[in-house]
Every structure is written in structure tokens, then in C-alpha cells.
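I have placed the structure first, in the form of C-alpha cells, so that the comments after it can refer back to it.
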Amino acid sequence: MNSGEEKIFSELNERQRQAVQTVAGPVLIVAGAGSGKTKTLTHRVAHLLSQGVPASAIVTLTFTNKAADEMKQRITALLSEKEKLTVKIPFIGTFHKFALSILRSHARTIGHEQNFSIYDELDSCAATKQALERLDYQENARAIYKKISFLKNRGDTLGNGRLPKKLQTIYEEYEKILLEQNAFDFDNIILKAVELLEKHPEILNMYYGRYTHFLIDEYQDTNKPQYELLRLLAGKHNNICVVGDDWQSIYGFRSADYRILLNFEHDWPEARTFYLEQNYRSTQNILNASHGVISKNVARTEKKLFTENPSGSLVSVTQFVDEQHETLWIKEKIFSRLGEGINLPRIAILFRTNVQSRIFEDMCIQERIPYQLIGAFKFYKRKEIVDIVAYLRAIHNPKDGAALERIINVPPRGIGAASIARLKKEQWNSEKLTPSPSANRIQTFFTMMAQIRDKAQKLTTKGLIEHVVHTIEYKQYLDPNTDEGQERWENIQELMRIAETFSSTETSGLGEFLHALQLLQDADELDSSKEKLTLMTLHGAKGLEFDTVFISGLEEGLLPHNRSLSIPDQLEEERRLLYVGMTRAQTQLHLTLCQTRYIHGSLQYNIPSRFLQDIPPLYAEFVYQTGTPRTYAGEDGLLYEYQRDREDDEDIVLLG
DNA sequence: AGAAGATAGCTTTTT
DNA sequence: GCTATCTTCT
């Protein structure tokens with residue numbers, strides 16, 4: 001064993017070490033919250049490399065770019081200085097990025113051209129709208145697109161399930177449009193890769209030769225098409241290692257199916273399973289309180305997390321009369337935490353829905369607490385970025401209808417809605433539009449695009465953006481004399497910088513840049529280096545940890561959310577969501593709730609979340625307002641009246 | 001073509 | 001009550 005090997009194993013506990021060392025065959029790692037999941041996965045990759053598995057034969061799949069980046073960094077950190085120079089880092093990226101690489105190599109085999117576009121949700125809605133127009137249906141394009149996307153994610157593709165006739169017709173037309181416009185929507189990136197490998201055994205065989213080892217992070221988030229892709233690719237060598245935690249499956253609403261994880265041993269009968277149950281993150285009280293909550297779920301693996309950490313302070317559960325009082329209390333707690341030397345980046349406020357963030361933002365502004373609201377502004381969704389990217393797309397793929405529709409009259413060139421509608425009907429063939437009043441202007445536009453396209457060959461991506469922006473006089477259009485225009489112009493410059501760094505790191509042209517951009521939807525990263533308080537949804541908190549965590553709004557109707565009350569599966573997911581939130585906390589966990597709260601403008605009276613009843617009183621301190629029924633679920637599943645003697649429950653003294 | 005007015009709808013979210 | 005989107009008006 002060389003020094004690199006020693007390093008790989010010395011940092012691991014026994015279970016983790018076994019999971020890393022079992023190199024051949026299918027491996028399932030059920031990794032509880034805070035049990036060193038990413039560590040195990042990265043060490044496994046490092047171990048494979050040290051065993052002589054070529055980097056080019058290893059594929060590590062994640063669900064987000066963020067997770068992929070983190071893993072890349074951690075693997076690099078594991079390699080010795082010598083190895084850093086000699087060993088290549090294997091493919092680590094999202095399912096979509098990986099599937100895209102397959103599509104790029106074989107686009108023609110499935111009827112697309114090399115320069116295909118990737119349609120994001122907005123583009124796909126536009127394509128759906130066009131399908132509806134062609135069919136002369138009046139339906140709402142967004143709703144229909146969502147339905148189609150839902151079906152695809154569930155694996156109910158065309159000719160597969162029995163869809164209502166009308167929906168089937170729209171779906172078919174929509175797919176036709178994507179093909180005409182030489183585009184894939186997000187879902188088709190996976191689906192078409194699966195289809196390709198199913199229909200072309202010789203191509204699949206080629207990939208068998210290329211990739212021998214697969215590792216998948218957050219396996220509980222896999223949906224059916226992604227699972228099928230894995231079955232195909234890993235089906236020959238069976239060296240597939242999946243890591244996940246069914247207790248933390250919170251993306252069922254987008255067809256992630258934790259049962260895929262539960263079925264792993266059935267799917268791969270040779271599988272070895274390892275449970276990582278030692279938690280390195282939280283105090284015993286936090287862990288036990290969380291366990292009380294999650295253990296009420298029926299569909300789950302059986303495991304019991306333990307920790308060698310101290311028991312710590314009790315979890316607090318506090319009810320307020322309204323959200324003003326709730327916020328005030330949280331604010332005071334934050335300040336006292338700061339006084340104890342816990343700085344802002346180690347504190348987070350979590351909530352179920354985005355609207356709940358507002359009152360905390362107001363609090364931060366008033367108290368001059370620097371904060372970051374995760375999931376708020378998205379760089380690539382800004383109008384000016386989408387506009388310029390649409391130009392690039394239309395230059396790269398002249399059939400990109402979604403992009404053309406977006407830019408043909410931006411900046412305004414006097415091409416009206418009627419002309420655009422007719423152009424769409426003629427599949428953007430401008431020659432068929434001679435009688436139109438704006439025929440000349442349309443002609444000018446297409447001539448301009450053709451000229452830019454010619455020039456694009458000789459330009460870098462950054463140079464091309466500069467050329468486009470100059471040609472269409474975009475800066476003038478933004479009006480940099482206004483604050484807003486100024487900011488937008490700065491965003492364009494930021495896009496140029498991104499293009500510059502991209503072309504210097506990857507040997508690539510416009511196509512690769514555009515594909516990467518389309519798969520990089522969010523640019524807002526959690527930035528723990530800055531002195532900022534974190535505000536985010538419970539979903540956003542997965543995979544993160546904070547010293548002190550506040551979870552606000554533990555009320556029936558909010559958590560569990562109203563929409564999931566009548567659906568048992570969704571209720572279990574709500575419970576997992578709370579579990580995920582609770583297990584983010586290292587030393588302090590505060591759950592808060594209100595008797596009244598303004599929701600959609602009207603005052604609502606809320607009762608405590610049913611999940612609170614499942615927190616064993618031994619690990620938590622409950623402070624409820626007068627008149628609130630106080631019960632908890634005992635070990636036997638029955639409800640008991642809350643017994644703790646607290647005379648001062650009625651009068652909660654609010655600080656400030 | 002862009003601003004003002006009307007209206008619907010309102011959970012979570014990555015690619 | 002807020003806000004995103006559609007309609008209507010100038």
C-alpha cells in the first residue's frame with residue numbers, strides 16, 4: 001500500500017472503508033444524513049484510480065453541477081502531488097451532461113444534426129404553444145408542457161402509455177416541432193440517449209468498451225429514464241456503485257423515485273449493501289429528534305443513525321401568536337448566537353415555501369444583517385442574457401424556432417406579431433413571405449443573421465458576442481443611461497467573460513459553449529466565505545450543514561403543505577422534507593410556528609404541524625401558546641397529552 | 001410598441 | 001396580498 005492508499009483509508013470508518021474497497025460488482029451505499037457520503041464516494045473514485053482503473057473508464061454522475069464541482073475538487077484534493085500531474089480526473093458531471101455527450105456523438109443516428117439546440121423550459125413552452133396553434137387548440141401551453149414533461153420523467157413516453165387522445169396528438173406534434181427545429185428539450189436529452197442505446201446495440205457495445213465503472217450520487221433522486229440509462233450502460237460490467245438515502249428523497253414531485261433505490265438489490269442480485277449510520281454532523285438530541293420524525297414513515301429502509309458527538313442542547317419548538325413575533329424571536333436568537341461566537345455563515349433560516357422568505361428579508365434589511373437568499377435571482381434567466389444567448393443559438397442552429405421568435409423583433413425592427421405568426425407557420429422560411437408588409441425588414445434580418453453566421457467561423461465565442469451586440473446595437477437598446485440599463489449591460493459583459501474563460505479551459509466552439517450554458521441554469525452559488533446569513537427553502541438545504549438552524553412555519557397547511565394533506569405518499573415526502581431540514585443542524589435546532597399567519601393576503605389560524613408530535617419530548621423543549629392542544633406520539637404510536645410542567649407557557653416573554 | 005389596467009392563481013426545482 | 005401574464009389602450 002503506497003502513501004496515497006494509506007491516505008485514502010486512514011480517514012474512513014470501517015463501513016466506509018468496506019464500501020470503498022468493494023471495487024467489483026454492484027454496490028449500494030445507504031448513507032444517512034451527515035454520514036460522510038460524499039467522502040466515501042470521492043475516496044472510492046481515488047481508490048479505483050489507484051487500483052489501475054483508467055480515469056477514462058470511470059463515470060461519476062450527480063444531479064446538479066454544484067455537486068459535480070464539489071466532488072471534482074475533493075477528488076483532486078485526495079490525489080498526491082505526483083498523481084495530480086499524472087492521473088486524469090474521470091468524468092464527473094450531471095446525468096444530462098453525460099447523456100448529452102452521447103447525443104453529440106450520435107445526433108445524426110437519431111435524425112438530428114450536429115448543431116442541435118437545447119430547449120429550456122421557456123423554449124419548450126414556445127414549442128408547445130406552436131403545436132397548439134397548428135392543431136388549433138386553445139389549451140394553456142405551459143400547463144400542457146408541464147404535463148408532457150411530467151409524463152416523460154415518469155417514463156410514459158409516446159407509444160408507451162395510453163394517453164388521452166388529445167394530449168397524445170399535442171405530444172406528437174410537439175415532438176415533431178422539436179425535430180424540425182433540431183432541438184432537444186431537457187427531458188429528451190435523457191430519453192433520446194436511452195432510445196439510441198436501445199435501438200443500436202453496436203453503439204451500446206462501443207460504450208461497454210469505453211466505460212467500465214459507474215458511480216451515482218443521490219441515487220434516491222433518480223427517475224425512471226435515468227435509471228434505464230444506467231441499466232443499459234452498466235449492464236455489461238455491473239460495476240455500479242450507487243449512494244443515496246431514501247429518507248432524504250424530496251423530489252418526488254419531479255418524478256424522482258426512491259423505490260429505485262429500494263429495488264437496487266433486486267435489480268442487481270449480486271449487490272453488496274453497506275449502511276453508513278455513524279453521523280458526524282449533529283448532536284445526539286438533534287439526531288434523536290429527527291429520528292423520531294422520520295421513523296413514522298412506512299416506506300423506507302431500516303437504519304438507526306448514531307453519533308459520538310455530545311448530546312447538546314434540547315431542540316426548541318416554539319409557538320408564537322403571529323409571524324411578527326416569530327421573526328422577532330429568531331432575530332434575538334441570531335444575535336445571541338453571534339455573541340457566542342457563531343458567525344452568520346454558520347446560521348440558516350429554512351422554510352417550506354418561497355413566500356415565507358419575505359418577512360426574514362425585511363428583518364435582515366431592518367437589522368442590517370447581511371443575508372443571501374438562495375434560489376432567488378438567476379443569471380441565465382435574465383432577459384438580456386437570454387436575448388444574446390438566443391442570437392448565438394439562432395446563429396449556430398438556424399432552425400432554432402424558439403430563439404428566432406425571441407430575437408426577430410428584439411431590438412424592435414418593426415416586425416409585427418402577424419408576420420411572426422406567419423413565419424412560424426412557414427417554419428421560418430422567409431422566402432414564402434413576400435406579400436407581407438414587413439417582408440423587407442424580415443429579409444434584412446435574415447440577411448444580417450447569415451452574415452453574422454459567416455463571420456462566426458473566424459471568431460472566438462467572446463468575439464462573436466461582441467460582434468452580435470455591436471451589429472444589433474444592443475447597448476443602445478438597453479439604454480446605459482438608466483441604472484437598469486447599466487446593470488444589464490454589465491451582465492452582458494459578464495457573459496463575455498464567461499465565454500472567454502470557457503474557451504480557454506475547454507477546447508471548444510460555439511456549440512459546446514451553448515450546450516454547457518443551457519445545462520448551467522443557476523449561477524447563484526452558496527457562498528459561505530462571505531459574512532452572510534442564509535435564507536432558503538428546505539429543498540435548497542439538502543446536502544448542506546449549519547451550526548444553527550431555524551425552521552419556520554411548522555404548521556398544518558404549511559409543513560405538511562396543504563396540497564399534500566390528502567395524498568399519503570406526498571405526506572411522507574413532507575415528513576422527509578422536515579427530516580432533511582432538521583438534520584442540517586450541527587449544534588442548535590430551533591423549530592418555530594405561529595397561531596396566525598397571513599397567507600395569500602388573508603389571516604389564517606394554524607394548528608401545530610402533526611410532525612411535531614413525533615419529536616420525543618425527551619430531546620426537545622416545547623413552548624406553546626395558551627389553548628394549543630399539546631400531544632405527542634408515544635413509542636406505541638398512540639397520542640399522549642404533553643406532560644412537561646411549565647407554568648409560564650401562557651406568557652411567552654418576547655425580547656425586544 | 002410600450003404602458004397602464006385586468007385577472008388569475010398561488011409548493012417544492014434541476015437539467 | 002403579491003406578482004406574473006394577458007389585454008387593452010394610447
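So that the names make sense, note that chain A is the first sequence line, chain B the second, and so on, each numbered from 1.
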Is the phosphate of dT14(B), meaning OP1 or OP2, less than 4.0 Å from a side-chain N or O of T94(A)? no

Rounded distance (Å) that lies between atom C1' of dT12(B) and atom CG of L571(A): 15 Å

Taking 4.0 Å as the cut-off, does a side-chain nitrogen or oxygen of N65(A) come that near to OP1 or OP2 on dT15(B)? yes

Using a heavy-atom cut-off of 4.0 Å across all strands, would you classify F95(A) as base, sugar-phosphate, or nothing? nothing

L538(A) has an atom CG; how far is it from atom P of dT13(B), in whole Å? 10 Å

In terms of side-chain geometry, is the basic nitrogen of E512(A) or R104(A) positioned less than 4.0 Å from the acidic oxygen of its partner? no

Indicate, with a heavy-atom threshold strictly under 4.0 Å, whether Q356(A) touches base, sugar-phosphate, or nothing. nothing

Assess R259(A) against F264(A): is NZ or CZ under 6.0 Å from the centre of the six-membered ring, and within 45 degrees of the ring's axis? no

Using a 4.0 Å heavy-atom cut-off, does D187(A) contact any base of the nucleic acid, only the sugar-phosphate backbone, or nothing at all? nothing

Take the protein atom CG of L565(A) and the nucleotide atom C1' of dT11(B), then report the distance between them rounded to whole Å. 12 Å

Hey, which sits more toward the 5' end of DNA chain B by its nearest nucleotide, I415(A) or G540(A)? I415(A)

Tell me whether H561(A) is stacked on the nucleobase of dT11(B), counting only the six-membered base ring and applying the 5.5 Å and 30° thresholds. yes

Report the nucleotide, chosen from dT5(C), dT14(B), dC10(B), that has the shortest atom-to-atom distance to any side-chain atom of H600(A). dC10(B)

Check whether the side chains of E555(A) and S609(A) place a donor and an acceptor atom closer than 3.5 Å, and report yes or no. no

Whole-Å distance separating the CZ atom of R575(A) from the C1' atom of dT12(B): 18 Å

How is E121(A) classified with respect to the nucleic acid when contacts are heavy atoms under 4.0 Å: base, sugar-phosphate, or nothing? base

Tell me whether the OP1 or OP2 atom of dT13(B) has a side-chain N or O from N354(A) closer than 4.0 Å. yes

Output the rounded distance in Å from CG (D120(A)) to C1' (dT13(B)). 14 Å

Choose from dT12(B), dT15(B), dC10(B) the nucleotide whose nearest atom is closest to any side-chain atom of H96(A). dT15(B)

Checking only heavy atoms, does the side chain of R563(A) share a donor-acceptor pair with the base of dT11(B) at less than 3.5 Å? no

Say we look at dT5(C) and dT12(B): how far apart would their P atoms be, to the nearest angstrom? 15 Å

R358(A) CZ to dG1(C) C1': how many Å, rounded? 9 Å

Just by distance, no angles: are the side chains of E175(A) and N188(A) close enough, under 3.5 Å, to form a donor-acceptor pair? yes

Within 45° of the axis and under 6.0 Å from the centre of the six-membered ring of Y251(A), does NZ or CZ of R254(A) qualify? yes

Checking understanding here: a glycosidic angle within 90° of 0 is syn, the rest anti, so what is dT11(B)? syn

May I have the distance from E323(A) (atom CD) to dG1(C) (atom P), rounded to whole angstrom? 13 Å

Return no unless some side-chain N or O of N409(A) is found under 4.0 Å from OP1 or OP2 of dA1(B). yes

Using 30° and 60° as the class limits, which term best fits the ring planes of F95(A) and F63(A): parallel, tilted or perpendicular? tilted

Is R352(A) close enough to dT13(B) that one of its side-chain N or O atoms is under 4.0 Å from OP1 or OP2 there? no

Between dT13(B) and dA4(C), how many Å separate the two P atoms, rounded to a whole number? 15 Å

Taking CD from E573(A) and P from dT13(B), how many angstroms apart are they, rounded to a whole number? 12 Å

For a quick check of understanding: with a heavy-atom distance under 4.0 Å over all strands, which category does F253(A) fall into, base, sugar-phosphate or nothing? base

